[in-house]
Amino acid sequence: MAIRIYNTLSGKKEVFEPVESGKVGMYVCGPTVYDSCHIGHARSIITFDVIARYLKAKGFDVTYVRNFTDIDDKIINRANELGIDTRVLTDKYIKEFYEDMDALNVERPSIEPRATDHIDQIIKVIDKLIEKGFAYIIDGDVYYSVELFKDYGKLSGRRLEDMEAGARVDIDKRKRSPFDFALWKSSKPGEPTWDSPWGKGRPGWHIECSAMSTEYLGETFDIHGGGKDLIFPHHENEIAQSEAAFGKTFVRYWIHNGFVNINQEKMSKSLGNFIVLKEMIKHYHPEALRLFLLSKHYRSPVDFTDDAMNEAVAGLDKIYSLLERIEKQFGQVSGKDKTLDVNVFGGQFCLAMDDDFNTALGIAALFEVVRNMNRLLDENKNSFSQDVEDKVHSGWADILKMAAILGILNESPEDYFAKKRSTGLEKKSINSEMIDKMIKERIEAREAKNWARADQIRKQLEDMSIIIEDRPEGTVWKVKS
RNA sequence: GGCGGCAUAGCCAAGUGGUAAGGCAGCGGUCUGCAAAACCGCUAUUCACCAGUUCGAAUCUGGUUGCCGCCUCCA
């Protein structure tokens, strides 16, 4: 089944045909490493993590490149404020970035280039642009002349004439057009600097992505992704640079994810409402964040609220509860089969994913399997025929395969619920030994058929936000979230 | 000023021509000592509004209203 992708360039869904059959080259703009990641970064990263996982599962040989922007005005400013070397700063935030990614169960891309490790490649591309007449040098700075690239604006759908009306762009009289952007910036005292044919300086932002994507994926590659906010000017400029320098189509499919809002407000540093990943992970299971984000289409805006997150937590609990139920009945799944034969499992899930990576619809398919499994187990409480057991095993395998693409259900149900209990207790400062003692007393009361006493204890526990479940195999408890 | 997006039940949300997925919450039932969990059933004759195209529209066209994003660093 063919995959269809919404291409920002055409504004339509198109059938995905890679440059080279069976292979996919994919480049996604990674973070500028001068501060902690927030949930907006998480959305972009998780969106493309799932896309890469799915393409791999479909059998493509995927080369996934995600860069680190580690030289930039914000980085220099922050390093100066702290009085440290930019490399010390960027190393620190790259390390933190990896901690966050691991916590979110994000797979590592194939290649993660840093801009400062690719100065030679960057200089070569700039050189080519100067040679072809698309770039000009002023006082050691090199600018790209947007008016000379006839397709300028084709990605963002704007024309230079229109933009000039309401432009809020610095007027730099030396530039030919106010929209000309820097390919190379001459260095000021105290800034990190590299030698170049135009004097000491550092690369501009846009050129690094043109240089690094081409270096690893070739002059034309399949997929380029990033947040919607990068469409203009960043990706527009990448196209201008790469297509002018190499004279070829730069990227075949442009994919852009929507924003995360917080309580219906745009998340921004100036509003002070951005949520740092490290903080959010303290309150919610990372997989609940994945489930929450993937429950909406990747191109739509999503509104982050505690209510919405708690719904995602409830959904995740439901799936883990089923896994726990199955494992209690049938034992551990054999070695957690992660081989993803997408042509066999969850037909509905694959159809959804084939249609522009519709994870929301895919998750609906996942929940339907969950309900079917629960029903099957309910209907066969006492005896399991071989037929039923086979059905359970196949549904179970399907769930795990879908989950592997969504990047959830990475823990055993026991660990998941145990962790949930302990963090829940921590939050409410309750002692688990006391709970165990009360539950033991309640079990004794129940055995003596002293229902009044048993219910009294249950009420006491409930007042402490502890919910009791008397299952056939024994009593378990949960912390109400 | 220019460009683009969105409006579906109490809430979240999928669905781009064939008669409304899924989740959360709620109600009734099964199960249970009673609960909880799970399951079953119910919960939008209707998809912001108006007009049009069509045998047929939430889905296409035109218009109206409301909300949002981008045009400046930004996932």
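What you see is a predicted model; the values in this text were computed from it and never measured. Naming: A, B, ... by sequence-line order, numbering from 1 per chain.
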Identify which nucleotide among B:A38, B:C34, B:A14 has an atom closest to any side-chain atom of A:Leu361, counting heavy atoms from C-beta outward.
-> B:A14

Indicate the atoms forming the closest heavy-atom contact of A:Phe48 with A:Ile255, along with that distance.
-> CZ-O, 3.5 Å

Side-chain donor or acceptor of A:Arg158 under 3.5 Å from a matching atom on the base of B:G4?
-> no

How are the rings of A:His285 and A:Tyr416 set relative to one another: parallel (under 30°), tilted (30 to 60°) or perpendicular (over 60°)?
-> tilted

Return the nearest nucleotide to the side chain of A:Ala364; candidates are B:A75, B:C71, B:A21.
-> B:A21

Across the strands shown, which category fits A:Gly11 at heavy-atom distances under 4.0 angstrom: base, sugar-phosphate, nothing?
-> nothing

Touch class at under 4.0 angstrom, heavy-atom based, for A:Gly40 against every strand present | base

Whole angstrom is fine here: how far is it from CD in A:Glu447 over to P in B:G33?
-> 14 Å

Under 4.0 angstrom between A:Lys480 side-chain N/O and B:A36 OP1 or OP2 = no

Gap in Å between the two P atoms, one belonging to B:C40 and one to B:C31, rounded | 16 Å

From the list B:A14, B:C40, B:A75, which nucleotide is the closest neighbour of the side chain of A:Arg371?
-> B:C40

Taking atom C1' in both B:C6 and B:C12, compute the distance separating them and give it to the nearest angstrom.
-> 15 Å

Which part of the nucleic acid does A:Val476 contact within heavy-atom distance under 4.0 Å: base, sugar-phosphate only, or nothing?
-> nothing

Could you tell me whether A:Asp356 and A:Arg4 have a side-chain N and a carboxylate O separated by less than 4.0 Å?
-> no

Gap separating the OG1 atom of A:Thr8 from the CG atom of A:Leu230, nearest 0.5 angstrom = 11.0 Å

For A:Met373, report the nucleic acid contact type (base, sugar-phosphate, nothing); a contact means any heavy atom under 4.0 Å.
-> nothing

Comparing A:Val370 with A:Asn261, nearest RNA chain B nucleotide closer to 5' gives the residue A:Val370

Report yes if at least one side-chain N or O of A:Arg66 is closer than 4.0 Å to OP1 or OP2 of B:A75; otherwise report no.
-> no

Hey, can you tell me if A:Phe232 and A:Tyr152 have their rings parallel, tilted or perpendicular (30° and 60° cut-offs)?
-> perpendicular

Using a 4.0 Å heavy-atom cut-off across all strands, classify A:Gly226 as base, sugar-phosphate, or nothing.
-> sugar-phosphate

Could you check whether A:Leu230 gets within reach of a base, just the sugar-phosphate, or nothing at all, counting any heavy atom under 4.0 Å?
-> sugar-phosphate

Toward the 5' end of RNA chain B, by each residue's nearest nucleotide, A:Glu379 or A:Arg446 = A:Arg446

What is the distance from CG of A:Asp35 to P of B:C74, rounded to the nearest Å?
-> 14 Å

For B:A14, does OP1 or OP2 lie under 4.0 Å from any side-chain N or O of A:Asn358?
-> no

B:C12 P sits how many Å from A:Phe367 CZ, rounded?
-> 17 Å

Shortest non-hydrogen contact from A:Arg290 toward A:Leu406 = NE-O, 2.9 Å

Can a side chain N or O of A:Trp451 be found less than 4.0 Å away from OP1 or OP2 on B:A35?
-> no

Considering only side-chain heavy atoms of A:Lys296, which listed nucleotide, B:A75, B:C39, B:A14, is closest?
-> B:A14

The side chain of A:Glu368 lies closest to which of these nucleotides: B:G69, B:C24, B:G22?
-> B:G22

Starting at NZ of A:Lys13 and ending at C1' of B:A14, how long is that distance when rounded to a whole Å?
-> 11 Å

Looking at the side chain of A:Pro233, which of B:G15, B:C73, B:C34 is the nearest nucleotide?
-> B:C73

Remember a base hit wins even if backbone is also touched, and classify A:His234 as base, sugar-phosphate or nothing at under 4.0 Å, heavy atoms.
-> nothing

Salt bridge check: are A:Asp387 and A:Lys391 linked by an N-O gap of less than 4.0 Å?
-> yes

When we call it a touch if two heavy atoms are under 4.0 Å apart, what does A:Lys266 touch: a base, just sugar-phosphate, or nothing?
-> base

Over how many whole Å does the gap from A:Glu161 atom CD to B:C3 atom C1' extend?
-> 13 Å

Minimum-distance nucleotide (side-chain atoms of A:Ala454 versus B:C39, B:A21, B:G33) | B:G33

With heavy atoms under 4.0 Å as the rule, sort A:Ile467 into base, sugar-phosphate or nothing.
-> sugar-phosphate

In whole angstrom, what separates A:Asp455's CG from B:C34's P?
-> 11 Å

Out of B:A75, B:C34, B:C11, minimum distance to the side chain of A:Ser44 belongs to B:A75

Touch class at under 4.0 angstrom, heavy-atom based, for A:Phe292 against every strand present | nothing

Which of the following nucleotides, B:C39, B:A75, B:C12, is nearest to the side chain of A:Glu311?
-> B:C12

Please evaluate the base of B:A35 for a donor-acceptor partner in the side chain of A:Arg458 within a cut-off of under 3.5 Å?
-> yes

Below 4.0 angstrom, N of the basic side chain to O of the carboxylate: do A:Arg78 and A:Asp72 qualify?
-> no

Considering only atom C1', compute the distance from B:A7 to B:U46 and round it to an integer number of Å.
-> 15 Å

What's the CG-C1' distance between A:Asn77 and B:C74, to the nearest Å?
-> 15 Å

Could a donor-acceptor pair under 3.5 angstrom be found where the side chain of A:Asp470 meets the base of B:C34?
-> yes

Can you figure out which of B:A14, B:A36, B:G23 approaches the side chain of A:Glu469 most closely?
-> B:A36

Whole Å only: how far is the CZ atom of A:Arg471 from the P atom of B:A37?
-> 11 Å

